[in-house]
Amino acid sequence: MPDARITVPAPVPRGKPFEVRIIVRHPMETGYRTDESGKSIPRNVIRSLTCRYNGEVVFSARLSSGIAANPYLRFFVTAKESGPLAFEWVDDAGVRGSDSAAVTVA
Amino acid sequence: MTSSTALRAILVGVLSAHAVIACAQERSLPLPGLRSGITFAGADVRAMQSDDVSNPGFLWVEGGEKRWNTAAGATGKSCASCHGDGRSSMRGVATRYPRYDHAVKGVEDLDARINRCRTDKQGAQPWARESEELLSISAYVSYQSRGLPLAVSIDGPAREAFERGRVFYHARHGQMNLSCSQCHDQNWGKRLLVENLSQGHGNAFPAYRLEWQSLGSLQRRIRACLFGIRAEMPAPGAPELTDIELYLAWRAQGLSIEAPGVRR
């Protein structure tokens with residue numbers, strides 16, 4: 001199972017903003033649910049997610065229990081140089097995830 | 001031509017004409033009137049399904065593609081070892097399931113067929129129903145038939161299961177004493193509290209259901225319907241569920257596969 005699916009247009013014109021879309025695989029357990037025996041299921045959501053473009057942070061988000069499972073995020077970044085768009089995230093359980101996509105600037 | 005052969009020819013002609021009429025009458029909904037469940041969904045759900053990037057079902061499709069090429073079990077075979085590239089070899093396969101198989105002497109759905117490959121060909125443990133692994137492969141295989149019309153066979157030995165499915169569909173179940181038909185044949189298009197009643201077709205499954213926050217099989221969806229009418233739910237993988245799946249697939253024949261679909 002992939003951890004995430006990242007979509008960027010290819011190639012992108014220099015100096016122009018381009019759309020970045022990511023869907024991260026995560027149950028985003030709210031902490032308000034109980035299991036079949038009535039025991040409460042501990043909260044486990046992605047706490048923060050960061051996107052770096054050529055090493056520089058271009059987008060970051062703090063997520064909470066109000067966000068659905070497999071969160072989908074969409075934002076715009078201005079194209080400068082070709083390079084990696086690297087995502088990193090961490091959840092309440094301390095599990096870290098990462099994925100990246102290559103950006104080609106024409 | 002003797003009179004007896006002429007008589008036989010007439011008889012055969014009359015009988016086959018009857019068979020054609022019987023088949024035509026067997027459709028519970030006429031083909032032009034068939035409406036996929038997505039047409040009853042809101043604009044946001046429709047948008048989510050139609051865009052492969054925002055459709056979360058593709059997490060399972062992509063996961064299934066990886067599993068397809070991963071060796072498993074005692075024989076060390078992957079799905080690809082026998083079936084090659086799933087994108088071509090699995091095209092159209094999902095349109096034919098549930099299907100009668102002579103080896104198992106019964107009707108099996110796609111999930112059961114996948115598990116049979118696992119046990120018989122790979123020498124591995126079967127996957128549990130609704131497990132991420134089984135849903136991934138099933139989503140991957142079903143996705144290869146996206147856009148193709150459902151075309152199950154109810155001829156020959158499959159007929160028995162089909163008839164059982166038909167009876168189940170029209171029988172009243174549970175504390176609410178409702179049959180599938182009362183909602184999905186007689187009242188589709190109307191509202192049940194906040195829900196739009198659909199025609200009850202399974203062409204988008206396995207589908208990502210927002211209520212589940214996950215992908216799920218058609219069996220899970222049928223069980224959810226039975227739960228809703230406070231009826232007894234057959235266990236996942238139970239033959240009753242396969243029978244009803246076959247009846248539903250026949251009822252939806254001609255409707256295109258949408259897997260992985262998105263539903264509320």
Side-chain angles (χ1 to χ4, degrees), chain A residues 1-10 12 18-36 40-46 49 51 59 61 63-77 85 87 89 91-93 95 97-103, chain B residues 42 44-70 72 78-79 114 127-128 130-141 143 206-216 220 223-224 227 233 235-236 260-264:
Chain A
M1 204 82 180
D3 287 333
R5 297 180 78 224
I6 304 168
T7 309
V8 288
V12 291
F18 64 93
E19 188 188 55
V20 181
R21 299 199 276 176
I22 179 169
I23 179 162
V24 187
R25 174 169 175 74
H26 199 278
M28 296 296 277
E29 193 55 62
T30 60
Y32 301 122
R33 298 198 310 155
T34 52
D35 64 14
E36 277 166 8
S40 122
I41 305 171
R43 189 184 103 145
N44 183 19
V45 301
I46 293 175
L49 177 141
C51 172
F59 178 86
L63 285 75
S64 64
S65 59
I67 293 173
N70 309 311
Y72 167 74
L73 301 164
R74 172 176 172 262
F75 55 91
F76 289 83
V77 177
L85 202 62
F87 285 87
W89 57 93
D91 69 10
D92 286 329
V95 176
S98 63
D99 203 353
S100 70
V103 175
Chain B
D44 46 353
V45 173
R46 286 204 305 271
M48 204 169 172
Q49 174 172 301
S50 61
D51 175 10
D52 292 356
V53 176
S54 66
N55 182 342
F58 278 88
L59 287 168
W60 279 262
V61 172
E62 275 192 4
E65 186 170 19
K66 278 194 195 136
R67 282 190 193 285
W68 181 267
N69 295 303
T70 309
S78 69
C79 305
I114 291 164
W127 283 316
E130 304 307 317
S131 63
E132 180 235 300
E133 296 90 342
L134 186 54
L135 284 173
S136 297
I137 288 285
S138 151
Y140 175 69
V141 172
Y143 168 60
Y208 191 90
R209 216 176 155 215
L210 300 177
E211 186 187 316
W212 296 334
Q213 297 275 287
S214 167
L215 199 80
R220 184 174 177 188
R223 276 166 53 86
F227 179 83
M233 296 183 288
V262 178
R263 292 292 184 271
R264 217 168 78 91

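Lettering of chains follows the sequences in order, A, B, ..., and the numbering in each one begins at 1. All values below were derived from every heavy atom in this structure, side-chain atoms included, with hydrogens, water molecules and symmetry-related copies excluded.
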*asked:* Under 4.5 Å from any heavy atom of chain A, what part of B/Asp52 do you find: side chain, backbone, both or neither?
replied: backbone
*Can you find a heavy atom in the side chain of B/Glu132 that is under 4.5 Å from one in the side chain of A/Arg25?*
yes
*CG/A/Asn70 to CH2/B/Trp60 distance, rounded to the nearest 0.5 angstrom?*
4.5 Å
*asked:* Would you compute the distance between atom CD of B/Gln213 and atom CZ of A/Arg33 and round it to the nearest 0.5 angstrom?
replied: 8.0 Å
_Flag if over 12 foreign heavy atoms under 6.0 Å of CZ, B/Phe227_ = no
*What is the minimum heavy-atom distance between A/Ile23 and B/Val53, and which atoms define it?*
CG2-O, 4.0 Å
*Candidate pair A/Arg5 and B/Val61, rule side chain to side chain contact (heavy atoms under 4.5 Å, CB included), full reasoning*: CA-CA 11 Å; A/Arg5 297 180 78 224; B/Val61 172; over 6 Å; no
